[in-house]
Protein chains: 2
Amino acid sequence: MPTRAAAEVRQDAARAYDAYLASCPARQLLDRISDKWVTLIVSALADGPQRYSDLARRIAGVSQKMLTQTLRLLERDGLLTRQVTAAVPVRVDYELTPLGVSLLPLIACIKDWAETHMDEVAAARDVYDTVAAQ
Amino acid sequence: MPTRAAAEVRQDAARAYDAYLASCPARQLLDRISDKWVTLIVSALADGPQRYSDLARRIAGVSQKMLTQTLRLLERDGLLTRQVTAAVPVRVDYELTPLGVSLLPLIACIKDWAETHMDEVAAARDVYDTVAAQ
DNA sequence: CAGTATCCCTCATGATACTG
DNA sequence: CAGTATCATGAGGGATACTG
């Protein structure tokens, strides 16, 4: 069964490549910052500490689940700290760590490229779509 | 029905925010480069033009579907060109455009941050997981 | 060689309801 | 206020088979 064997070889290669990518730092970072809410939360915290409800308000459209989940993720990664103040009602503040702050220039780079070049991309899309329509 | 109305208001806000994000250049760029295969293909083409089969070989683990789909996406965005040479068998070469090349420094920035700081992130995770386990 | 077409399936996200 | 728990869905991605 050469076909079956070839398929297996391909799948093995795919799995090995997946494993390789999983260990790639740049890939791990991209996995983080590509998350819809990660950059929004980090950017929101650039101005200083924020409470949970502040974040929920600033980042309209985020569900409680995703906000909590993403905050936990970022806390685990050492990008922000979670400070609970025992009171009634409870108060929880989130703040960027120096590591989290160090991410801001990178986000700024991405923003720069986007603001400089995304209109070219949009133009290219228009051309592509126009030609394809004919 | 105040509950229902409140839920609707929240959903409207979420939709409006989605629309806002869809028009955000930085978000659009992140949507592109966060794609697993986009950065790999762009990086592979940094060395110069490559044929379809070259790319398939270099980027082990990519399916034909995703390779073709991603190449079309990048062509549409004006990041690379597709050059078909009529012959038997057909030959297709892909090459970065200047716009595509301009993306390379940004990818390098991301790589730099990752290689500089991802070990700190990994360390933070270890601490977090260790504390959580107790 | 360089694709296209199809099916299938998982996994991430969001809505909803409940709580210390 | 700041979450947790549960359920549903839908879109992205892979496997497979076929083609100019």
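Chain naming here is simple, since letters A, B, ... match the order of the sequence lines and numbering starts at 1 in each. Here the structure is a predicted model, which is why all the values come from computation and not from measurement.
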Chemist: Looking at the side chain of Q64(A), which of dA2(C), dT13(C), dG3(D) is the nearest nucleotide?
Modeler: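 Output: dG3(D).
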Chemist: What pair of heavy atoms forms the shortest contact from R82(A) to V92(A), and how long is it?
Modeler: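 Smallest heavy-atom distance, with atoms named: CG-CG1, 3.8 Å.
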Chemist: Would you mind telling me which of dT13(C), dT4(C), dT4(D) lies closest to the side-chain atoms of T68(B)?
Modeler: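 From the listed options, dT4(C) comes nearest.
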Chemist: Pick the closest DNA chain D nucleotide for Q69(B) and for D93(A) by heavy atoms, then say which residue is nearer the 5' end.
Modeler: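 The answer here is D93(A).
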Chemist: Taking the nucleotide of DNA chain D with the closest heavy atom to each, which residue, D54(A) or S63(B), is nearer the 5' end?
Modeler: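 So the residue in question is D54(A).
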Chemist: Any base atoms under 4.0 Å from R72(B), or only sugar-phosphate, or nothing? Heavy atoms, all strands.
Modeler: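 If one applies the 4.0 Å heavy-atom cut-off, R72(B) turns out to touch the sugar-phosphate alone, with no base involved.
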Chemist: Could you give the CE-to-P distance, from M66(A) to dA2(D), as a whole number of Å?
Modeler: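 Atom-to-atom, M66(A) to dA2(D), this comes out as 19 Å.
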Chemist: Counting only side-chain nitrogens and oxygens, does Y52(B) get under 4.0 Å of the OP1 or OP2 atom of dT4(C)?
Modeler: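 No.
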Chemist: How does DNA chain D read in dot-bracket, base by base from 5' to 3', with Watson-Crick or G-U pairs under 3.5 Å and | used when the partner is on another strand?
Modeler: ||||||||||||||||||||
Chemist: Determine whether a donor-acceptor pair (N or O, by modelled atom type, separation under 3.5 Å) exists between the side chain of T68(A) and the backbone of K65(A).
Modeler: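 Not confirmed, T68(A) side chain does not pair with K65(A) backbone.
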Chemist: Has S34(A) got a side-chain atom pairing as donor or acceptor with D31(A)'s backbone, closer than 3.5 angstrom?
Modeler: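 Judged by distance alone, yes, a pair lies under 3.5 Å.
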Chemist: Could you check whether R15(A) pairs with D18(A) (Lys NZ or Arg NE/NH1/NH2 to Asp/Glu carboxylate O, under 4.0 Å)?
Modeler: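 No, no charged N to carboxylate O under 4.0 Å.
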Chemist: Look at the aromatic rings of W37(B) and Y17(A) and report parallel, tilted or perpendicular, splitting at 30° and 60°.
Modeler: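 The rings of W37(B) and Y17(A) lie parallel, inter-plane angle below 30°.
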Chemist: Start at the 5' end of DNA chain C and walk down; is the nucleotide closest to R57(B) or to A14(B) reached first?
Modeler: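 Whichever sits nearer the 5' end wins; that is R57(B).
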Chemist: Within less than 4.0 Å of OP1 or OP2 of dA2(D), is there a side-chain N or O belonging to R51(A)?
Modeler: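 Checking dA2(D) against R51(A), a side-chain N or O does come within under 4.0 Å of OP1 or OP2.
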Chemist: Using atom types as modelled and distance alone, determine if a side-chain donor or acceptor of Q28(B) lies under 3.5 Å from a backbone N or O of A22(B).
Modeler: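 Confirmed, Q28(B) side chain pairs with A22(B) backbone.
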Chemist: For the side chain of K65(A), starting at C-beta, report the closest nucleotide among dG3(D), dG14(C), dG14(D).
Modeler: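 Between dG3(D), dG14(C), dG14(D), the one nearest the side chain of K65(A) would be dG14(C).
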Chemist: Give a yes or no answer on whether the side chain of W113(B) reaches the backbone of P105(A) with a donor-acceptor pair at less than 3.5 Å.
Modeler: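 No, because the side chain of W113(B) does not come within donor-acceptor range (under 3.5 Å) of the backbone of P105(A).
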Chemist: What's the closest nucleotide to the K36(B) side chain, out of dG13(D), dG14(D), dA2(D)?
Modeler: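 The listed nucleotide nearest to K36(B)'s side chain is dG14(D).
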Chemist: Using a cut-off of strictly less than 4.0 Å, decide whether Y17(A) has a side-chain nitrogen or oxygen near OP1 or OP2 of dG14(D).
Modeler: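 Indeed not, no polar side-chain atom of Y17(A) lies that close.
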Chemist: Does a side-chain N or O of W37(A) approach OP1 or OP2 of dG14(C) to a distance below 4.0 Å, or not?
Modeler: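 Indeed, a polar side-chain atom of W37(A) lies that close.
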